[in-house]
Amino acid sequence: MAKQDNDGAELLGEFDYIIVGAGTAGCLLANRLSADRQTKVLLLEAGGKDNWIWFHIPVGYLYSQGNPRADWCFKTEADPGLNGRSLNYARGKVLGGCSAINGMIYMRGQAADYDHWRQLGNVGWSWDDVLPIFKETEDHFAGASELHGSNGEWRVEEPRISWDILDTFRDAAAEVGIPRINDFNGGDNEGSAYFQVNQKKGVRWHAAKAFLKPVRDRENLAVLTHAQTERLTLDGKRVNGVLFRQGGVLKRAVANAEVVLAAGAIGSPQILQLSGIGPGSLLGEHGIEVAHELAGVGENLQDHLQLRLAYKVRNIQTLNEMTQSLFQKAKMAVDYALFRRGPLTMAPSQLGAFAKSSEEFATANLQYHVQPLTLEKFGEPLHPFPAFTASVCNLRPESRGHVRIKSRDPGTAPSIQLNYLSADKDKQVAADSIRLTRRIVLETNAMKPFQPEEFMPGLKAQSASDLIKAAGSIGTTIFHPVSTCKMGVDPAAVVDDRLKVHGLERLRIADASIMPTITSGNTNSPTLMIAEKAAAMIHEERRH
């Protein structure tokens, strides 16, 4: 009979490091920390294995997002900025985490993002500090250079399909001053280009493939799936382990060195709050004893709101009409099966553009995700007529939301309140970004031959107030939640610049939740960089 502790939990054993969450960050951490064969590492993942075909075919996100096999299937609270709408909020629930179900876009953000983190008091996080880390992890299709690496595990490739309608959008963008560029990842991403993607020969390349599978046979690494962490265990202000449930059995694992939370911007604050670490008033509301008062846990939530403008076109092909034909769909399947090419290799967005909504901004504050397709909402069929979507997001929103537990039951999803468009500046940027999109699509010579016609939101929205209301109707998430356990020195900060939780021993956080402010672009690869830097700091401290 297995030994049990005072909580009635079965004692699993002792480890040096326990990593909670086998997503983007957790897979890399498991690889790096277990490289020291004298170190025992436990990796806990609440989801299952990545042994489903749709985790590997790039368009599989259509089937994995919203599927409880792959996704936590969260929903946001009704949002006043979205005219009262609630959104489905996909978060990966599988080995590889969000990298197994996301848009596969390789994006670092801007140099100014990281320099700003450093200016906030976070030593070691400037662009010059983090660029070598991005390069170390990277396996770039063009090989090693001043900006890119080729010896890492994180494969980056060019897309394997292009579209005339997207090339036309690039030409139109150039007419309004958004230049064609080749690479978004040099520190200043203003311009337009096809997104580089985390794929390998037309197959999704996610964190479990890159970092976990090559080391699964290490005797000092234990990986448990379907193991949902319920709370951390503490001895005073020292974290000493984790309580988790697997197969209906409550189990406890002891950490002799550290617990590293890598459960993401939703999961990490939820676990902290369930452990009695967070805002005392919230914990008291749910009858949880305060182990450590930390007001910022779950606060400061930031995300990119994308406004989905859609245009009918003529005389040019889009994916919409291709999907109406059985012959075309069969051809797509054959192209993928034989050559790993064609629409089945597509990321959700293929063409990107970074621009300024006004000249008051020193660097680009808008990002476009342009797609040769349209649909009413994610998960529904494509429209039967030729059309494309020009989604545009505010890269540096001032609106702030929160993640807060609703119950002391670990199985109850937390409250996710995004408060989109609650800041006046965000409303202004939203209106300006719709106006800029219309200039690109409706007022350029490049687009004229294709007679674009806006049907989302439609040209009736013209005044500032109408545009803001329209933004609330066509706005949706790009699934970039960050900053709920932010790094810093101010009273709202949760971790310091070594990613250690303020006021506690032996607890570190290494995921997107620690970003002080959101990066200017897709957040998956910056999360990987955070984990790589965390692993290096842990190794450094262990040696000393």
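Small disclaimer: the values here were computed from a predicted structure and weren't measured.
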Is there a donor-acceptor contact under 3.5 Å linking the side chains of [X] and [Y]?
X: N522; Y: Q367; value: yes
X: H140; Y: Q196; value: yes
X: R180; Y: S192; value: no
X: D511; Y: S268; value: yes
X: T363; Y: R396; value: yes
X: N189; Y: Q110; value: yes
X: N31; Y: R216; value: no
X: N83; Y: S473; value: yes
X: D71; Y: Y89; value: no
X: N365; Y: S357; value: yes
X: N320; Y: T374; value: yes
X: Y106; Y: N524; value: no
X: Y311; Y: E454; value: yes
X: T437; Y: Y368; value: yes

Residue among V370, I440, V441, V392 satisfying side-chain contact (heavy atoms from CB on, under 4.5 Å) with L309
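Result for side-chain contact (heavy atoms from CB on, under 4.5 Å) with L309: V392.
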Looking only at atom types and distance, does a side-chain atom of [X] sit under 3.5 Å from a main-chain N or O of [Y], one as donor and one as acceptor?
X: S325; Y: M322; value: no
X: R91; Y: W72; value: no
X: K93; Y: E45; value: no
X: Q199; Y: V156; value: no
X: R32; Y: A534; value: no
X: Q228; Y: G411; value: no

Derivation of the side chain to side chain donor-acceptor pair (under 3.5 Å) call for H206 and D50:
CA-CA 10 Å; H206 60 66; D50 61 329; 3.0 Å; yes
For P457 and R438, work out which heavy atoms get closest and say how close.
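It is CG-NH2, 4.1 Å.
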Do [X] and [Y] make the cut of ring centroids closer than 6.0 angstrom?
X: H148; Y: F141; value: no
X: H383; Y: F455; value: yes
X: F354; Y: F184; value: yes

Using 4.0 Å as the upper bound for N to carboxylate O, is an ion pair formed by D139 and R155?
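Yes, charged N to carboxylate O under 4.0 Å.
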Examine K312 relative to F385 and say whether NZ or CZ is less than 6.0 Å from the centre of the six-membered ring and inside a 45° cone about the ring axis.
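Yes.
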